[in-house]
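Keep in mind that the numbers below use all heavy atoms, side chains included, and drop hydrogens, waters and symmetry copies.
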Amino acid sequence: MMNNVFEEKSIPKAVLKLGIPAMLGSLTTLIYNIADTYFVALTKEPAMIAAVTLCVPVLLIIMSIACIFGMGGSSVIARMIGEGRQEDSAKCFNFCTYAMAIVGLLVLVLGLLFSKQIAGIATSFGFVCASFYYLICLAIQEKKKNALVKMSPKNFSMEKRMVANVIKIGIPGALITVMLSLSNIVLNNFIGIYGSNAVASYGIAYKIDMFPIMLSVGLSQGTAPLVGYYYGQRNEKNLSKAMKTGTVYGMILGAFFTAILFFGNRLFAGVFLSEEGLIAQTEWFLRLLCFHAPLLGIINMVTAYFQALGKATNSLIITILRNRFFLFRE
């Protein structure tokens, strides 16, 4: 099935076929988080909204662990398929799936051991349901004899070079999420000087602003396997066209969100808040945050490009520049 997507003659169509599911996956994760904020906001207590805001970076850091094997694995697998190494790509897929499951269980155990109380059990249950759904999808694909999906434990392999390639590409991708979280922790500390109302307002604005961020990341990460496949084939023409198409789509998407968040900031703030002062503060934050959205189409696609090609150092440098020195969003 994946080969059919990779061999699609229309590059824009192939980008959409891979990008849209990845974007929807990112959007689903964001909706989980937005739902928490919405129901907490019904209490009309800024301190409680602020508490939810302060928990978001922790959730993102946990999610970044999966990015190591998800982003790193997709890059290595796509290049292997492009090179005609079907058996190796199946082994890499098997390793990444089991590695994510094992690491996920370790995070769960650590969370249960060190947390004194459960906040957000509905969100956690949502992730459990999503995981079961993905397992069912994998089982169906294996039954259909998909050459990439061979989930039997006997196919589990930890060949050193494969594992090293997955991790070295996955870590920069994971650092995007980690540094995003750290930058927000720092911002929350500075904003916290002005009280819980300011933290709550920024938290609402930031979560609304996460829509263009997560959709852009989804688009770029969905396009990355296509880029990796063409790189494995040494098909420079299609590689270049896929990059240009993904970048243009990302910039158009970003421009769209800049417009609706700038002109509709009060409407979006009013969904979560009722107090005029908090709504006004949230409007102000949204006006500041929304202008970065078109740039995401460029930044995320360039990062995904280097990940897809296995250029871990280049990807890491862009990640550090974006999230540490320039702070494009803020």
Side-chain angles (χ1 to χ4, degrees), residues 11-31 33-34 56 60 67 71 172-173 175-177 179-181 183-184 187 202-227 239-269 271 282-308 314-330:
I11 303 297
K13 192 174 180 180
V15 169
L16 290 176
K17 279 185 177 180
L18 290 170
I20 289 177
M23 291 165 68
L24 291 176
S26 299
L27 190 61
T28 302
T29 302
L30 179 58
I31 289 173
N33 196 253
I34 288 288
V56 171
L60 292 176
C67 292
M71 294 180 182
L175 283 177
I176 293 175
T177 306
M179 290 185 176
L180 187 66
S181 302
S183 67
N184 275 280
L187 281 171
Y202 173 73
I204 296 293
Y206 171 68
K207 289 190 177 183
I208 295 171
D209 185 59
M210 283 293 287
F211 276 96
I213 294 174
M214 296 299 287
L215 288 175
S216 177
V217 169
L219 176 63
S220 62
Q221 293 305 321
T223 308
L226 192 66
V227 173
L239 189 156
S240 176
K241 191 169 183 180
M243 273 296 297
K244 290 177 181 177
T245 302
T247 302
V248 170
Y249 284 168
M251 292 180 68
I252 293 173
L253 182 70
F256 169 75
F257 272 98
T258 293
I260 65 171
L261 293 182
F262 184 83
F263 293 106
N265 50 15
R266 184 174 183 83
L267 176 64
F268 289 109
V271 172
T282 305
E283 286 182 72
W284 185 78
F285 280 124
L286 273 175
R287 281 197 295 269
L288 292 178
L289 291 172
C290 70
F291 287 107
H292 73 102
L295 294 178
L296 292 173
I298 302 172
I299 298 166
N300 288 329
M301 275 306 304
V302 172
T303 303
Y305 169 79
F306 286 118
Q307 288 174 348
N314 303 71
S315 179
L316 181 60
I317 290 172
I318 293 172
T319 299
I320 292 173
L321 289 175
R322 173 194 169 186
N323 291 283
R324 271 292 165 266
F325 293 105
F326 297 146
L327 284 175
F328 283 120
R329 291 186 313 95
E330 287 78 20

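Taking every heavy atom of both residues into account, V227 and A242 meet most closely at CG2-CB, 4.3 Å. In terms of heavy-atom proximity, A22 sits nearest to G218 at CB-O, 3.1 Å. Across C290 and P294, no two heavy atoms sit closer than the pair O-CD, 4.4 Å. Residues G246 and L219 come closest through the heavy atom pair O-CD2, 3.7 Å. M23 and L253 make their closest contact through CE-CD2, 3.8 Å (heavy atoms, listed as atom of the first residue, atom of the second, distance). Looking at every heavy atom in both residues, I260 comes nearest to F268 through O-CE1, 3.5 Å.
Rounding to the nearest 0.5 Å gives a distance of 10.0 Å between CD1 of I208 and CG of L289. Between the CD1 atom of I213 and the OH atom of Y206 there is a distance of 5.5 Å, given to the nearest 0.5 Å.
Residues passing the ring pair (Phe, Tyr, Trp, His ring centres under 6.0 Å) test with F285 are Y202, sequence neighbours excluded. Every residue two or more places apart in sequence or in another chain that forms a side chain to side chain contact (heavy atoms under 4.5 Å, CB included) with S220 is listed here: N300, M301, A304. I20 pairs by the side chain to side chain contact (heavy atoms under 4.5 Å, CB included) definition with L16, L24, not counting sequence neighbours. Scanning for side chain to side chain contact (heavy atoms under 4.5 Å, CB included) contacts around K13 gives E8, S10, K17, with sequence neighbours left out. With sequence neighbours left out, the side chain to side chain contact (heavy atoms under 4.5 Å, CB included) criterion links R287 to F262, N265, E283, W284.
Looking at heavy atoms from C-beta onward, F256 lies out of side-chain contact with I252 at the 4.5 angstrom threshold. Within the 4.5 Å cutoff, the side chain of D209 has heavy atoms near those of the H292 side chain. In this structure, the side chains of F211 and L27 come closer than 4.5 Å at one or more pairs of heavy atoms.
Within the structure, side chain to side chain donor-acceptor pair (under 3.5 Å) contacts touching residues 246-264 (residues at least two apart or in different chains) do not occur.
In this structure, T245 contributes its side chain and P12 its backbone to no donor-acceptor pair below 3.5 Å.
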